[in-house]
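Source: prediction; values computed, not measured. No hydrogens, no waters, no symmetry mates; every other heavy atom, side chains included, goes into these values.
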Amino acid sequence: MQPQPPIRYHADLETPDADEQAAIDDINESMLYIIGKTHEDLGHAQRSVHAKSHALLEAEVTVHPDLPEDLRQGIFAEPGHTYPAIIRISTIPGDPLRDSVSLPRGLAIKLFGVDGARLPGSEDDVTQDFLFATAPAFAAPDAAGFAKTLKLVSRTTDRLEWAKSALSWILRPIVRGLEAMGADAGALKALGGYPETNPLGERYFTQVPLRFGTYVAKLDIVPRSLSFKALSDQRVDLSDGPDVLRQSVAEVMTGDGGEWTLRAQLCRNLETQPIEDASVVWPEDESPYLDIATIRVAPQTSWSDGRSRAVDDGLTFRPWRGVEAHRPLGNVMRARRQVYPVAAGRRAELTGCPMHEPVAQPKLP
């Protein structure tokens with residue numbers, strides 16, 4: 001059966017709630033608490049989410065040369081065009097835990113030299129940020145649900161790491177068993193039962209929709225090179241040290257490097273692919289993910305103290321930094337528009353170093 005034609009973007013696809021601001025205020029409060037708590041304990045202003053990085057990479061993103069019209073959209077309209085990029089792979093919590101606390105991962109990518117009408121608050125930039133995570137949809141349907149979850153998470157920041165590690169050890173085999181039976185184990189993964197996989201072999205999702213030029217889409221990233229594909233089912237022994245994921249990434253990046261494919265899933269049915277409910281996984285049988293670009297990372301140092309200072313401390317990644325052709329959509333994305341700058345501003349206050357968006361790809365140490 002042929003897929004339905006993609007739905008065209010128009011502003012009325014979004015339906016804001018009257019009480020959204022209250023949820024956004026709650027999210028801001030929790031994020032500021034996490035930043036303050038980790039700064040108090042560690043003497044360093046961490047991100048309120050995705051605090052611990054596993055890879056900080058120079059990359060390039062090349063648009064595929066033979067895309068059909070419905071995929072030649074936004075910054076992907078010029079066949080063969082290559083963007084320099086910086087990639088940050090991380091674990092989701094706001095405190096930098098030992099890797100034995102096995103939790104979902106995230107991937108943020110910043111493209112440079114991006115032309116086009118800019119999003120509000122990003123008018124003077126020439127970059128485009130996309131944020132991904134390892135779950136196909138967001139954990140909560142909206143900002144209000146996320147605010148409740150984040151408030152609980154904030155109260156466990158930097159507490160009883162040994163207990164988190166023990167719970168993770170218990171949950172991982174349970175998750176494997178549930179997934180072997182085809183059951184959804186997303187909640188247990190978020191509690192510490194995430195599989196012991198190498199971050200380079202993961203599949204990452206934007207989880208929530210964004211404008212895709214004329215249309216609307218979600219994006220994902222999947223391994224393309226053999227060096228990354230080989231890692232998809234390979235387990236990492238998380239007992240080998242507190243930063244074993246960095247080490248496992250480094251073993252691949254210093255030798256082979258690799259490639260991912262960036263793909264787009266076009267919105268074709270608003271009933272099964274809603275804009276406002278971020279917790280819904282868009283069915284791939286109705287709208288498959290389609291290749292749009294290749295992400296290449298040459299062999300390099302994947303993490304160092306110098307790279308951490310340059311990227312972890314020196315760069316921010318926000319979904320609202322980019323062009324109008326890729327405007328973030330839905331309740332959760334509207335919340336992110338407000339909370340990300342507040343969190344970054346607080347970190348800058350604590351470090352005494354305001355963050356400035358670069359105009360070109362920085363050379364990492």
With a 4.5 Å cut-off on side-chain heavy atoms, are [Y] and [X] touching?
X	Y	result
Leu119	Arg321	no
Pro283	Gln273	yes
Tyr215	Asp70	yes
Pro6	Cys267	no
Leu131	Thr206	no
Pro362	Ile86	yes
Arg246	Lys52	yes
Arg327	Leu210	no

Closest approach of [X] to [Y] (non-hydrogen atoms, all atoms of both residues):
X	Y	value
Pro299	Gly255	CG-O, 3.9 Å
Tyr9	Gly213	CB-O, 4.2 Å
Glu259	Arg296	OE2-NE, 3.1 Å
Pro328	Pro319	CG-O, 3.2 Å
Lys110	Thr316	NZ-O, 2.8 Å
Val252	Leu231	CG2-CD1, 3.9 Å

Heavy-atom donor-acceptor pair, [X] side chain to [Y] backbone, under 3.5 Å:
X	Y	value
Glu14	Asp12	no
Glu58	Lys363	no
Gln265	Ser287	yes
Ser279	Ala139	no
Trp320	Met333	yes
Ser248	Leu245	yes
Asp142	Asn331	no
Gln361	Leu111	no
Asp125	Thr127	no
Gln128	Val323	yes

Nearest 0.5 Å, what's the [atom1]-[atom2] distance between [X] and [Y]?
X	Y	atom1	atom2	result
Tyr194	Asp99	OH	CG	13.5 Å
Glu20	Asp25	CD	CG	11.5 Å
Asp26	Gln21	CG	CD	10.0 Å
Ile75	Asp115	CD1	CG	10.5 Å
Ile295	Leu57	CD1	CG	11.0 Å
Ser308	Leu56	OG	CG	6.0 Å

Give the other cluster members for Phe205, using side-chain heavy-atom distances under 4.5 Å between Ile, Leu, Val, Met, Phe, Trp and Tyr residues; answer none if it is isolated.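 Joined to Phe205, directly or through intermediates: Tyr289.
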
For His326, ring pair (Phe, Tyr, Trp, His ring centres under 6.0 Å) partners two or more places apart: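 Partners of His326 by the ring pair (Phe, Tyr, Trp, His ring centres under 6.0 Å) criterion, ordered by chain and then number, come out as Phe76, Phe130, Phe212.
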
Residues, nucleotides or ligands: over 12 heavy atoms within 6.0 Å of Leu270 CG: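 Yes - once you tally the heavy atoms of other residues, nucleotides and ligands closer than 6.0 Å, there are more than 12.
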
Cluster link [X] to [Y], ILVMFWY, side chain under 4.5 Å:
X	Y	answer
Ile24	Ile275	no
Leu67	Leu290	yes
Leu71	Leu262	yes
Trp303	Met253	no
Val63	Phe112	no

Verify the distance criterion only: is there a donor paired with an acceptor across the side chains of [X] and [Y] at less than 3.5 Å?
X	Y	result
Asp243	Gln247	no
Ser102	Glu196	no
Gln300	Arg307	yes
Arg105	Ser90	no
Thr197	Glu202	yes

Using 4.0 Å as the upper bound for N to carboxylate O, is an ion pair formed by [Y] and [X]?
X	Y	result
Glu78	Arg72	no
Glu357	Arg318	no
Glu284	Arg268	no
Asp312	Arg88	yes
Arg118	Glu123	no

Taking the six-membered ring of Trp260, is NZ or CZ of Arg224 closer than 6.0 Å to its centre and within 45° of its axis?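 Relative to the ring axis of Trp260, which defines the angle, Arg224 lies outside at least one limit.
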
Does Leu364 form a side chain to side chain contact (heavy atoms under 4.5 Å, CB included) with Val311? I'd like the steps, not just the answer. CA-CA 8 Å; Leu364 299 184; Val311 180; 3.7 Å; yes

Determine, stepwise, if the pair Thr62 / His81 fulfils side-chain hydrogen bond (donor to acceptor under 3.5 Å, both in side chains). CA-CA 6 Å; Thr62 301; His81 185 79; over 6 Å; no

Taking the ring centre of each residue, are Phe146 and Phe138 less than 6.0 Å apart?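 Ring-ring flag for Phe146/Phe138: true, centres closer than 6.0 Å.
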
Begin with the C-alpha distance, continue with both residues' side-chain angles, and end with the deciding distance and a verdict on side chain to side chain contact (heavy atoms under 4.5 Å, CB included) for Val208 and Arg336. CA-CA 11 Å; Val208 285; Arg336 285 173 166 173; 3.8 Å; yes

Output, in order, the C-alpha distance, side-chain angles, deciding distance and verdict of side chain to side chain contact (heavy atoms under 4.5 Å, CB included) for Val216 and Leu13. CA-CA 10 Å; Val216 173; Leu13 289 175; 3.7 Å; yes

Verdict with supporting geometry, Ile89 and Val249, side chain to side chain contact (heavy atoms under 4.5 Å, CB included): CA-CA 10 Å; Ile89 299 177; Val249 169; 5.9 Å; no

